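Below, read A as the first sequence line, B as the second, and so on, with proteins coming before strands; counting in each chain starts at 1. Owing to the predicted nature of the structure, the values given are computational and were not obtained by experimental measurement.
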Amino acid sequence: MPKDLHAEIIADLAATLNAWLAERGNHPPVALAPPTREGAGDLALPCHPYARTLRLSPQVIATQLAEVARTHPLVAAAEPVAGFLNLRFDGAALARRALPWALTDDAALGRSDALDGRRILVEYCSPNTNKPLHLGHTRNIVLGSTVAALARAAGAEVVQINLINDRGVHICKSMLAYQRFGEGATPESVGRKSDHYVGDLYVRFEKAFAEEFKTHGEPRGIEKDTYFNTESPLGAEVRRMLQAWEAGDAEVRALWRTMNGWCESGFEATYGRMGVRFDQVDRESQTYLLGKDLIAAGLEREVFERDPSGAVVFDLSRIGLEGKKAVLRSDGTSVYTTQDLGTAVQRLDQHGFDRMIYVVGNEQDHHFQVLFGILEHLRPEVKGRLFHMSYGMVELPDGKMKSREGKVVDADNLMDDLHALAYAAARERNPDMDDAEVHRRAEAIALGGLKFFLLKFGPATGFVFDKERSIALEGETGAYCQYAYARAGSILRKLAAAGEPTASPDYGALTLPQEQAVIHALMAFPGEVRTAALELKPNLLTKAVFEIARAFAAFFNSAEARVIGAEPAIAAARADLVRAARRSLEAGLHLLGMTPLEEM
RNA sequence: GCCCCCAUAGCUCAGUCGGAUAGAGCACAGGUUUCCUAAACCUGGGGUCGCAGGUUCGAAUCCUGCUGGGGGCGCCA
């Protein structure tokens with residue numbers, strides 16, 4: 001079982017301090033934690049909360065607790081400062097504990113038992129099959145796949161689900177465009193990636209409609225959507241097609257299958273390049289009728305009510321919101337919420353999940369509040385198990401993405417652009433290198449940089465995507481972390497060539513600040529990864545990996561801390577420190593979905 | 001109109017279930033190369049934590065009000 005050494009040491013110290021307090025009455029357990037303030041040591045404890053009951057000043061309490069703390073073998077110094085107890089570890093003793101742990105324990109790889117045995121469903125990506133994936137999907141995919149990887153590292157059994165919106169008006173638009181303008185072509189015959197070809201058709205439709213609207217609708221001051229739904233011949237054709245689809249019209253269904261196939265196979269290529277894979281694919285064409293039985297049963301149990309027009313509604317005041325939410329139209333047909341309810345219950349029956357996480361943008365915050373509220377009334381056991389991983393929109397340097405205006409960053413094109421940038425940089429530094437190898441490294445840096453950049457912000461934060469920054473090596477970037485990993489490997493290769501040290505390692509000698517910083521970063525890693533998994537905060541993972549990389553960079557750049565050429569017992573200890581850093585970095589990069597490079 | 005989110009260094013962002021003198025990256029200024037990859041490292045300046053009150057031993061963090069920005073409030077998805 002993975003052992004979080006840092007947490008264990010803190011718990012051990014806290015127990016000692018708690019025992020002292022417990023002898024003097026009831027007190028809240030000590031909040032021993034790394035101090036926010038720099039230079040205050042390795043751990044700190046505010047003693048103010050105990051002042052009232054102990055009837056002693058915080059400073060006096062800190063002084064007495066310092067006496068207690070000093071008896072601990074790992075504590076080198078314990079100082080009372082302004083009512084705080086500041087503890088500093090004995091660097092040598094810490095290194096002797098930390099190195100054997102970091103070299104062998106699974107916790108140093110980010111594994112824990114925090115979600116042991118739990119079954120967790122993660123729904124993400126959720127594309128429409130009428131156009132290719134864009135930057136927004138890219139963030140969604142990276143968030144979802146990383147949350148899944150984190151949950152798995154925490155011991156959970158994870159089911160990754162892609163919910164594909166493969167039916168509806170927007171799909172029919174592409175289909176109609178194909179009928180009109182496609183001339184029987186195929187993606188192969190026109191030499192276009194298949195999902196992009198479908199997207200071209202969608203754009204073709206929107207263009208045709210815009211022209212129609214401009215001549216027939218706009219002059220009379222009609223709203224665009226209203227025109228589409230009432231007078232537009234194109235709109236009428238789309239609706240006819242949708243009705244034919246629902247009626248199971250053979251010809252329409254055949255075209256639909258063909259074009260969805262194009263779209264989905266194109267998506268598959270994109271997923272493959274991004275290194276993601278789904279365990280389950282739900283398609284709305286199969287789920288859109290789900291939920292009706294659920295509504296009927298709920299109506300019986302008075303979870304829902306029928307409003308005067310005949311629609312079935314849920315009174316949102318029952319979940320602290322305003323208004324009513326229709327879950328069935330007055331003509332008896334489903335709305336989006338109906339099928340979402342049905343799908344959720346189906347998954348509950350199918351998987352019996354402990355958690356279901358929906359990775360969906362924050363514009364749907366309200367929808368999920370409503371959805372979860374209703375689900376908890378229908379199936380009370382889901383209470384506390386449903387999570388909306390809400391994330392902010394990604395913007396371009398020149399403003400917000402607007403798919404209607406065709407102002408989008410296509411996911412495939414973006415990856416190509418990043419690859420080209422990374423290729424140029426790699427080629428410049430390695431003029432004589434084999435071209436395939438430069439491409440291989442460029443791809444790792446491009447995709448790694450993209451993922452790291454998309455993950456390093458808090459999920460809730462919207463941000464501007466910056467291509468140059470995302471593949472930069474300076475600062476908090478993917479390539480920086482990959483570089484640290486590569487340097488670790490390089491040192492070990494050079495060491496092997498120079499001859500491994502014969503002495504056994506003296507870990508207690510690793511007391512240089514550069515060495516201690518690496519040890520601290522390695523020890524902090526498990527806790528950060530665990531929190532990232534539990535609280536759905538992948539940015540803690542990027543930060544924790546970066547902290548190891550940064551500490552390690554300072555180490556391998558310092559003249560005092562060289563491995564090769566050092567006294568044998570020290571060289572052996574440093575070599576193990578390098579191995580430990582490399583081991584955790586590799587695990588961290590894998591969790592981030594990044595490819596570690598042996599050389600850069 | 002109502003609801004939710006946001007406002008922190010020149011820029012981009014962490015920190016928000018209360019803890020000390022608020023952090024990182026970028027940018028900027030200076031320095032390091034007979035030394036395991038200088039795609040790196042080191043040093044430095046830089047802050048009324050949007051504004052005003054309140055609670056507390058202690059507030060970027062909690063409460064109230066205000067200002068400014070984003071999103072939402074469909075028998076759309």
Side-chain angles (χ1 to χ4, degrees), chain A residues 31 33 35-40 44-49 51-52 57-58 81-84 86 126 128 165 168-170 225 284 307 309-313 316 320-340 361-367 369-370 390 392-393 400 425-426 428-430 445 456-458 460-464 466 469 471-477 479-480 482-484 486-488 490-495 497-498 514 537 539-540 542-543 546-547 550 553-566 571 574-575 578 599-600:
Chain A
T36 54
R37 182 187 160 195
E38 275 188 83
L45 176 71
C47 298
H48 312 76
R52 200 181 295 273
S57 77
V81 181
F84 290 83
N86 291 339
S126 314
N128 294 340
N165 185 345
V169 168
H170 49 294
D225 287 349
E284 293 200 349
D307 87 350
S309 68
V312 178
V313 302
L316 292 174
L321 298 172
E322 284 183 10
K324 312 223 183 225
K325 172 65 192 173
V327 292
L328 219 51
R329 295 192 185 96
S330 46
D331 65 4
T333 57
S334 303
V335 294
Y336 183 68
T337 303
T338 319
Q339 66 168 305
D340 253 11
N362 61 11
E363 75 276 9
Q364 294 201 38
D365 285 354
H366 184 256
H367 167 73
Q369 257 187 299
V370 171
S390 170
M393 294 294 110
K400 189 174 288 186
E428 193 181 335
R429 281 156 191 137
N430 303 285
I445 290 168
K456 75 178 190 177
F457 300 92
T461 306
F463 58 89
V464 177
D466 184 335
R469 277 303 306 155
I471 60 150
L473 190 130
E474 303 80 32
E476 201 174 332
T477 65
Y480 180 93
Q482 285 169 318
Y483 180 66
R487 288 296 299 269
S490 172
I491 291 170
L492 294 174
R493 282 191 301 275
K494 286 262 164 65
L495 180 67
Q514 299 94 318
K537 291 177 179 172
N539 54 310
L540 297 182
T542 58
K543 192 67 188 292
F546 174 68
E547 290 299 339
R550 185 166 58 161
F555 167 82
F556 69 62
N557 270 294
S558 72
E560 315 89 87
R562 290 175 60 79
V563 180
I564 297 164
R574 286 178 183 157
V578 173
E599 289 178 71
M600 282 177 75

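Between R550(A) and L473(A), the residue whose closest nucleotide on RNA chain B is further toward the 5' end is R550(A). Of the two residues near RNA chain B, A486(A) and F84(A), the one whose nearest nucleotide lies more 5' is F84(A).
Taking atom C1' on both G71(B) and G31(B), the two are 48 Å apart, rounded to the nearest angstrom. Between G19(B) and A59(B), the distance separating the two C1' atoms is 10 Å to the nearest Å. Nucleotides A14(B) and A9(B) place their C1' atoms 13 Å apart, quoted to the nearest Å. C62(B) and C49(B) have their C1' atoms separated by 16 Å, with the value rounded to a whole Å.
Listed pair T36(A) / G19(B) fails the phosphate criterion, with no side-chain N or O lying under 4.0 Å from OP1 or OP2. For Y480(A), no side-chain nitrogen or oxygen approaches OP1 or OP2 of A24(B) to under 4.0 Å. Between R469(A) and the phosphate of C13(B), there is no side-chain N or O to OP1/OP2 separation shorter than 4.0 Å. At the phosphate of G25(B), neither OP1 nor OP2 sits under 4.0 Å from any side-chain N or O atom of K543(A).
Tested against L328(A), the residues T337(A), T338(A), T333(A), V335(A) include a single side-chain contact (heavy atoms from CB on, under 4.5 Å) partner, T338(A).
Using Watson-Crick or G-U wobble geometry with both donor-acceptor distances under 3.5 Å, A20(B) finds no partner in any strand shown.
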